[in-house]
> 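The structure that follows is given in the form of structure tokens.
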Amino acid sequence: VDLYNAVIKAHIHNSQPSQAFAVFLQMQYCGVLPDNLTYPYLLKACSDESRLNYLRMIHTHIEKNGFNSDIIVCNSLIDAYSKCGNIGICSAKQLFWVMGQRDVVSWNSMISGLLKAGDSVEARKLFDKMPERDRVSWNTILDGYVKAREMNVAFELFEKMPSRDVVSWSTMISGYCKAGDMEMARMLFDKMPSKNVVSWTIIITGYAEKGLVKEAIGLYTQLEEANLSLDAGTFVSVLAACAESGMLGLGKRVHRTIKRSTFSRNTLVCNALIDMYAKCGSLTKAFIVFKKTRKKDLVSWNSMIHGFAVHGHGRRALDLFSKMKCQGFVPDKVTILGILSACSHAGFIDEGISIFNALQRDYGVSPEVQHYGCLIDLLGRGGRLKEAFALALSMPVEPN
RNA sequence: ACCAAAUUUUUAGAUUUA
């Protein structure tokens, strides 16, 4: 069972949940009984509405094998359910109130789940009601206010909470960045007693999103000198901000850092690079990174297709579209948007229409307002104004 | 010094969207 657990854990760690489930099935097939460590690992992979059925299956297993009295297994269940949308949150509540004993993690998980579901009133009630609070409890409720854009309430809480750790400070800084108050964010950043890679990422991303080049580059330089070990999140986050504000200079610097590290093989990081170069108008570089990305995922293809599309390279976008299908990737609604946009910008009117007409049949994608908008744009650009207008009036979705 | 071992659940940053 230890070996199976180790393999399951490794798959989860490498974001390969399907393989983790496969191992789980295999261990049952071989007659090895899961233990109290197996379930929390698996449940980590179910924290997504699309896996609600897996979650229910594992839950049933847990009940059947009598692990529902294990408080850690139970807490894992609450956490997983509470991240599965509005249906999940009901099951989480039920479990929470039914379980024999609750520890501080149970309360924290439930509160965090409620906040994620947007029920801050209920979350606050639980926070006030819980018998004891630890740092996670305070940080969770603090983040709730920050995410709700209630920075004044958050600040009051921040000042009166019993102790502040690097997570509390980072939460506040992130909130001020999102609110556009970079002065306050910077003041807290300078003042915080110890910084880690996340705090640096938040503040640099904040500056970069706003196009404040000097500050962003200055702090990035300091970060590199600080000798912290950077993670993929830092690169992805800063690159996304560069893409948004067109900061090619900083983007290139980050790329240089990545080249010197092992992150050049990280798909998430490569995707962020592709998008950054494409958004900054450097399609050639974007394509070079794309080709060098060894384990491409759907996002890699989507980013590159979209890059070609918005720069008017309709043919290249469509070529890439065929290629991805040949390699067994299933296009999703984002891919389709890129493709429709490519057809629109390159004047491939009929091609665009026929792709649109077969969306459901060929790709299982049901057209949303963005797709209709794109098609109307396509017709309009193609000079077929009457059809464009007729479509806008007759489409089965609410116009925006 | 080398080697080895080491994180079961909850909180902060996170790629593609007309």
Side-chain angles (χ1 to χ4, degrees), chain A residues 5 8-9 13 35-44 47 70-80 82-83 103-113 115 134-144 146-147 165-175 177-178 196-206 231-241 243 266-276 278-279 297-307 309-310 332-342 344-345 368-378 400:
Chain A
N5 284 349
I8 289 173
K9 182 178 157 191
H13 198 77
D35 65 7
N36 57 330
L37 304 193
T38 315
Y39 294 114
Y41 290 137
L42 286 170
L43 289 169
K44 258 236 154 84
S47 307
D70 184 306
I71 193 161
I72 292 182
V73 172
C74 233
N75 289 343
S76 304
L77 268 172
I78 291 175
D79 175 54
S82 75
K83 286 173 178 161
D103 64 6
V104 66
V105 175
S106 326
W107 287 88
N108 291 344
S109 304
M110 197 61 241
I111 291 171
S112 167
L115 287 171
D134 64 3
R135 289 161 10 144
V136 174
S137 327
W138 284 96
N139 287 335
T140 302
I141 200 81
L142 183 71
D143 186 54
V146 165
K147 292 264 156 67
D165 61 9
V166 64
V167 175
S168 333
W169 287 89
S170 302
T171 304
M172 290 304 290
I173 294 169
S174 168
C177 285
K178 295 249 160 65
N196 67 8
V197 64
V198 175
S199 12
W200 281 95
T201 302
I202 293 169
I203 190 86
I204 295 172
T205 302
D231 64 7
T234 307
F235 297 126
V236 172
S237 185
V238 175
L239 286 169
N266 182 304
T267 302
L268 231 67
V269 170
C270 288
N271 294 347
L273 274 170
I274 294 166
D275 184 53
M276 185 278 295
K279 291 250 168 73
D297 64 9
L298 191 57
V299 175
S300 323
W301 291 93
N302 288 351
S303 307
M304 199 61 238
I305 287 174
H306 185 260
V310 296
D332 67 357
K333 59 179 187 178
V334 179
T335 322
I336 301 301
L337 273 178
I339 286 304
L340 291 175
S341 170
S344 174
H345 285 98
E368 294 170 16
V369 64
Q370 295 149 307
H371 298 101
Y372 280 100
C374 217
L375 192 66
I376 292 166
D377 181 38
L378 176 111
N400 65 7

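The structure presented is a predicted model; accordingly, all values stated were derived computationally and were not measured. By convention in this document, chain letters (A, B, ...) are assigned in the order of the sequence lines, proteins followed by strands, and residues within each chain are numbered from 1.
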> Grab the CH2-C1' distance between Trp169(A) and G13(B) for me, whole Å please.
18 Å

> Can you tell me if the side-chain N/O atoms of Lys279(A) get under 4.0 Å from OP1 or OP2 in U17(B)?
yes

> Using a heavy-atom cut-off of under 4.0 Å over every strand shown, decide if Asn36(A) touches base, sugar-phosphate, or nothing.
base

> For the residue pair Asn5(A) / Thr38(A), report whether a side-chain donor-acceptor contact shorter than 3.5 Å exists.
yes

> Just compare U10(B), A12(B), A18(B) and give me whichever is closest to any side-chain atom of His306(A).
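Nearest to the side-chain atoms of His306(A), counting from C-beta on, is A18(B).
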
> In terms of side-chain heavy atoms of Val198(A), which of U8(B), A14(B), A12(B) is nearest?
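Nearest nucleotide to the side chain: A12(B).
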
> Please step through side-chain hydrogen bond (donor to acceptor under 3.5 Å, both in side chains) for the pair Asn108(A) and Ser137(A), ending with a clear verdict.
CA-CA 6 Å; Asn108(A) 291 344; Ser137(A) 327; 2.8 Å; yes

> Strictly by modelled atom types, are Asp103(A) and Ser106(A) linked by a side-chain donor-acceptor pair under 3.5 Å?
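On atom types as modelled, these side chains qualify, holding a pair under 3.5 Å.
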
> Could you please name the option among U16(B), U15(B), A18(B) that lies closest to any side-chain atom of Asn302(A)?
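Among U16(B), U15(B), A18(B), the one nearest the side chain of Asn302(A) is U16(B).
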
> Round to the nearest Å and state the distance from Asn139(A) atom CG to G13(B) atom P.
12 Å

> Students often get this wrong, so: under 4.0 angstrom with heavy atoms, is Asp297(A) touching a base, only sugar-phosphate, or nothing?
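It contacts nothing in the nucleic acid.
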
> Distance only, no hydrogens: is a donor on one side chain within 3.5 Å (strictly under) of an acceptor on the other, for Thr234(A) and Thr201(A)?
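Yes, Thr201(A) and Thr234(A) have a side-chain donor paired with an acceptor closer than 3.5 Å.
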
> In this structure, how many angstroms lie between the C1' atom of U11(B) and the CD1 atom of Ile78(A), rounded?
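Taking atom C1' of U11(B) as the reference, CD1 of Ile78(A) is at 16 Å.
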
> Going by heavy atoms in the side chains, are Ser199(A) and Val166(A) under 4.5 Å from each other?
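A side-chain contact exists here, since the closest heavy-atom pair is under 4.5 Å.
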
> For the pair made of CD1 in Ile336(A) and P in U16(B), what is the distance, rounded to whole Å?
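After rounding, the reported distance stands at 18 Å.
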
> Under 4.0 angstrom, heavy atoms only, what part of the nucleic acid is Asn266(A) near: base, sugar-phosphate, or nothing?
nothing

> Heavy atoms under 4.0 Å, any strand shown: does Asn196(A) hit a base, just sugar-phosphate, or nothing?
base

> Whether His345(A) contacts A18(B) is assessed here as follows: a side-chain N or O lying under 4.0 Å from the phosphate OP1 or OP2. Is that the case?
no

> I need the NZ-P distance between Lys178(A) and A12(B), as an integer number of Å.
11 Å

> Which listed nucleotide (A12(B), U10(B), U8(B)) is nearest to the side chain of Ile202(A)?
A12(B)

> Taking atom P of U17(B) as reference, at what distance in whole Å does atom CD1 of Ile274(A) sit?
12 Å

> Rounded to the Å, how far apart are Leu239(A) CG and G13(B) C1'?
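The distance from CG of Leu239(A) to C1' of G13(B) comes to 13 Å, rounded to the nearest Å.
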
> Just how far, in rounded Å, is P of U16(B) from NE2 of His371(A)?
16 Å

> Heavy atoms from C-beta onward define the side chain here; which of U8(B), U9(B), G13(B) lies closest to that of Thr234(A)?
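Minimum distance to the Thr234(A) side chain belongs to G13(B).
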
> Taking N and O atoms by type only, does the side chain of Thr171(A) place a donor or acceptor under 3.5 Å from a partner on the base of A12(B)?
no

> Which of the following nucleotides, U16(B), U7(B), A14(B), is nearest to the side chain of Lys9(A)?
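Per side-chain heavy atoms of Lys9(A), the pick is U7(B).
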
> Nearest to the Tyr41(A) side chain among U8(B), U17(B), A12(B), which nucleotide is it?
U8(B)

> What's the closest nucleotide to the side chain of Ser76(A) if the choices are U9(B), U10(B), A18(B)?
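Minimum distance to the Ser76(A) side chain belongs to U9(B).
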
> Considering only U10(B), A18(B), U8(B), which nucleotide approaches the side chain of Ser109(A) most closely?
U10(B)

> Measuring from the side chain of Ala240(A) (C-beta onward, heavy atoms only), which nucleotide among A12(B), U15(B), A18(B) has the closest atom?
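Out of A12(B), U15(B), A18(B), the nucleotide with an atom closest to Ala240(A)'s side chain is U15(B).
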
> Counting the atoms with a prime plus P, OP1 and OP2 as sugar-phosphate, which does Ser170(A) contact under 4.0 Å by heavy atoms, base, sugar-phosphate, or nothing?
base

> If we ignore angles and hydrogens, is there a donor and acceptor under 3.5 Å between the side chains of Asp275(A) and Ser303(A)?
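Distance-only check fails for Asp275(A) and Ser303(A).
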
> Between Lys44(A) and U10(B), is there a side-chain N or O to OP1/OP2 distance below 4.0 Å?
yes

> Nearest 0.5 Å, please: how far is CD1 in Ile141(A) from CD1 in Ile111(A)?
6.0 Å

